[in-house]
Structures are given as C-alpha cells and as structure tokens.
K.L.:
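Please see the structure below; I have some questions.
Since we're looking at a predicted model, the values are computed, not measured. As a basis for the values below, the full set of heavy atoms in this structure was taken, side chains included, without hydrogen atoms, waters or symmetry mates.
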Amino acid sequence: MTSNTVTWARAPAPAATRCAWCEHEFDHADDRRTGRIWCARCGVATTSPWPSASQLDEAYGSWYRPEAGRFSGIGDAVLRRTRGALATRLNRVLPPGPVLDVGAGDGTLVRAFLRLGREAVGLEPHASGPHLRSTEIGEMSGDWAAVIFWHSLEHLHRPAAALTHAAGLLVPGGRLVIAVPNAASLQARAFGDRWFALDLPRHLVHLSPPALLSKIEGLGLAAERVSYLRGGQVVFGWVHGLAGLLPGQPDLYDVIRRDEARSSALGPARRGYALAAAAGAVPLALAGAAVEVAARSGGTIYVQARRAPE
C-alpha cells in the first residue's frame with residue numbers, strides 16, 4: 001500500500017459482511033486477506049473493514065485533489081491531454097445527446113466534451129461549478145448519449161447498482177464507458193498488498209474482468225471494445241510496484257504529486273531516491289506491461305459497451 005493509503009483502522013471499523021458487488025453474505029468459503037475479502041461467488045473483493053463516513057472524509061481530505069492540481073511538473077497537462085483524446089474519440093461514435101461523467105474529479109473530461117460542442121455533466125461529491133453536480137448516479141434521470149465511469153466505479157458503495165441505473169439512462173446506441181483497476185492482473189498478483197491500484201480505503205470494490213463483463217452483458221449491452229491498456233496506469237503500476245520493492249519502499253505516486261497534494265511531507269533526498277528508483281525500473285516495467293497486456297491481464301480494464309439501437 002502506498003503512503004497515500006490512509007491509516008483508516010485507527011478507529012475500530014466493522015468487517016464487511018456482504019460483497020459490495022453481488023451482495024452475497026460472506027461466510028467461511030470467502031477468502032479473507034489484509035484489507036479485503038474475496039467473494040467466492042463472484043470473484044470480486046470488497047474492502048474490509050468497511051470504512052465509515054468519517055474515515056472516507058479523511059481519505060478524501062483537502063490534500064487529495066487541491067484546486068491547483070494534483071501533480072507536479074507536466075503531470076496535470078498530460079492528464080488534460082489524455083482526457084481530451086478520450087473525449088475526441090468518443091465524440092466521433094456517440095449518438096446525439098449529453099454525456100454524464102460519474103466521478104468527474106475536477107471536471108477535466110467534462111470540459112473536454114464541452115470544447116467539442118457536446119453537452120456534458122459531471123458528478124462529484126462536494127462539487128462546484130456550472131457543469132458539476134454533487135449528486136449520486138442513482139438520483140439522475142434523462143436521456144444520455146454516454147455514461148462514463150473513468151476510474152470511479154471502484155469508489156462507489158454500490159457499484160453494480162450504479163451500472164444498472166446508468167444502463168437505463170442510455171439512449172439507443174448510447175455507450176457505457178468504464179475504466180477500472182484489474183484486481184486479477186499480473187501486477188496485482190505480483191505486488192499484493194502494495195499494489196498501486198489497491199488504494200485502501202478509497203477503493204471499496206476490487207473488480208475482475210469476468211465479473212465486470214458478465215454484469216455488462218446482463219444489462220443487455222454489447223461490449224464493443226475491451227482493452228487491457230487503454231484504461232491507463234498499466235506501465236505506471238509496474239514502475240510504482242518495482243520501485244517500492246527497494247529498501248525504504250519509495251512511493252512514486254506520492255513523489256509525482258504536488259507538495260500540497262501529498263498526505264505527508266517528503267524531503268528532497270527521499271524524492272530523488274524514488275525518482276532514481278523509478279527510472280531504473282522502467283525497462284522491467286515496460287516488459288511486465290507488455291506481457292500482461294498480451295496475456296489480457298493488464299493492470300486496468302477498459303470496456304466500451306453499446307446499447308442496441310432501436
């Protein structure tokens with residue numbers, strides 16, 4: 001786990017009793033591991049102990065996404081560019097209508113769609129701004145050309161119910177777009193409790209591709225694109241994990257964030273050590289990423305699913 005993983009067990013929290021994905025009531029057949037329980041029925045892990053509202057408030061403190069941006073150097077510019085590319089690609093294939101971005105963060109993807117002339121709305125807790133709403137997906141209605149969960153589904157208390165509601169919002173030909181960490185990936189297995197995308201307690205559910213694709217098919221949607229690379233963070237997951245194996249367990253994700261976006265102070269010596277470790281890990285990380293993508297076991301899974309046209 002990274003240093004951005006909040007020490008959320010300081011106050012006693014109850015163990016999860018049900019799978020956050022399929023709502024199976026846990027019993028002796030389920031696999032209990034540090035910080036999570038793997039459901040024997042659906043193969044999805046649920047964070048356990050289950051964090052309280054106050055623990056999640058701490059996990060999403062003001063440092064988590066400051067107004068100035070999260071990343072130092074060109075990090076935020078790269079983020080804007082990749083979101084812009086995603087919006088441009090989707091805009092070409094979507095039917096007429098607005099786009100709903102669930103878990104919109106600072107609204108980068110929403111603004112990218114707006115620049116293309118497409119109406120867009122983002123949902124984000126404690127949101128502010130004309131195109132952002134502090135509303136849950138279950139409270140939304142209307143007709144939408146796309147509903148997007150870009151690394152947000154894993155943060156939701158009832159992710160399967162959120163997908164069900166989202167599918168009902170789509171117009172004929174509309175798309176459900178999802179990018180989530182792949183908890184069954186090679187890198188997840190390689191780094192275990194220190195996997196970059198485990199991110200306890202913010203990530204409440206830890207999905208496998210079969211469970212996600214089965215749910216999408218059950219909603220009557222056709223998965224027209226499945227990628228183990230497009231969802232991002234694949235190479236970074238390997239770099240982060242490999243660097244973290246060195247003495248001192250340097251945390252690359254904390255290093256690339258702005259000073260005000262770190263959960264704790266980081267001195268220049270430790271920062272330099274982490275960056276040097278990351279640079280040395282790049283060749284092995286590229287090889288690891290290539291292997292897992294070829295094996296369709298990448299660190300993220302991207303799914304673009306289509307509602308049938310009338």
K.L.:
Would you say the side-chain atoms of His165 pair up with the backbone N or O of Ile137, donor to acceptor, closer than 3.5 Å?
P.N.:
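Confirmed, His165 side chain pairs with Ile137 backbone.
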
K.L.:
Between Asp27 and Arg41, is the closest basic N to carboxylate O distance under 4.0 Å?
P.N.:
no

K.L.:
Okay, side chain of Asn182, backbone of Gly298: is any donor-acceptor separation there less than 3.5 Å?
P.N.:
yes

K.L.:
May I ask you to decide if Arg18's main-chain N or O and Glu23's side chain share a donor-acceptor pair within less than 3.5 Å?
P.N.:
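No; zero donor-acceptor contacts below 3.5 Å.
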
K.L.:
Judged by atom type as modelled, is there a donor-acceptor pair below 3.5 Å linking the side chain of Arg33 to the main-chain atoms of Trp38?
P.N.:
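The answer is no, because no donor-acceptor pair under 3.5 Å joins these two groups.
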
K.L.:
Between Leu94 and Arg175, is there a side-chain heavy-atom distance shorter than 4.5 Å?
P.N.:
yes

K.L.:
If the plane angle is over 60° it's perpendicular, under 30° parallel, otherwise tilted; pick one for Phe236 and Phe196.
P.N.:
perpendicular

K.L.:
Taking Glu224 for the side chain and Gln304 for the main chain, is one N or O donor matched with an acceptor at less than 3.5 Å?
P.N.:
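The answer is no, because no donor-acceptor pair under 3.5 Å joins these two groups.
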
K.L.:
Do Ser54 and Ser52 have side-chain N/O donor and acceptor atoms under 3.5 Å apart?
P.N.:
yes

K.L.:
Any sub-3.5 Å donor-acceptor pair from Arg111's side-chain atoms to Asp106's backbone N or O?
P.N.:
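It does hold such a pair.
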
K.L.:
Contact between Phe113 and Asp101 at the side-chain level, heavy atoms closer than 4.5 Å - yes or no?
P.N.:
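No, their side chains stay 4.5 Å or more apart.
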
K.L.:
I'd like to know whether Arg133 forms a side chain to side chain contact (heavy atoms under 4.5 Å, CB included) with Leu100, so could you lay out the CA-CA distance, the side-chain angles of the two residues, the decisive distance to 0.1 Å, and finally the verdict.
P.N.:
CA-CA 11 Å; Arg133 302 180 190 175; Leu100 181 62; over 6 Å; no

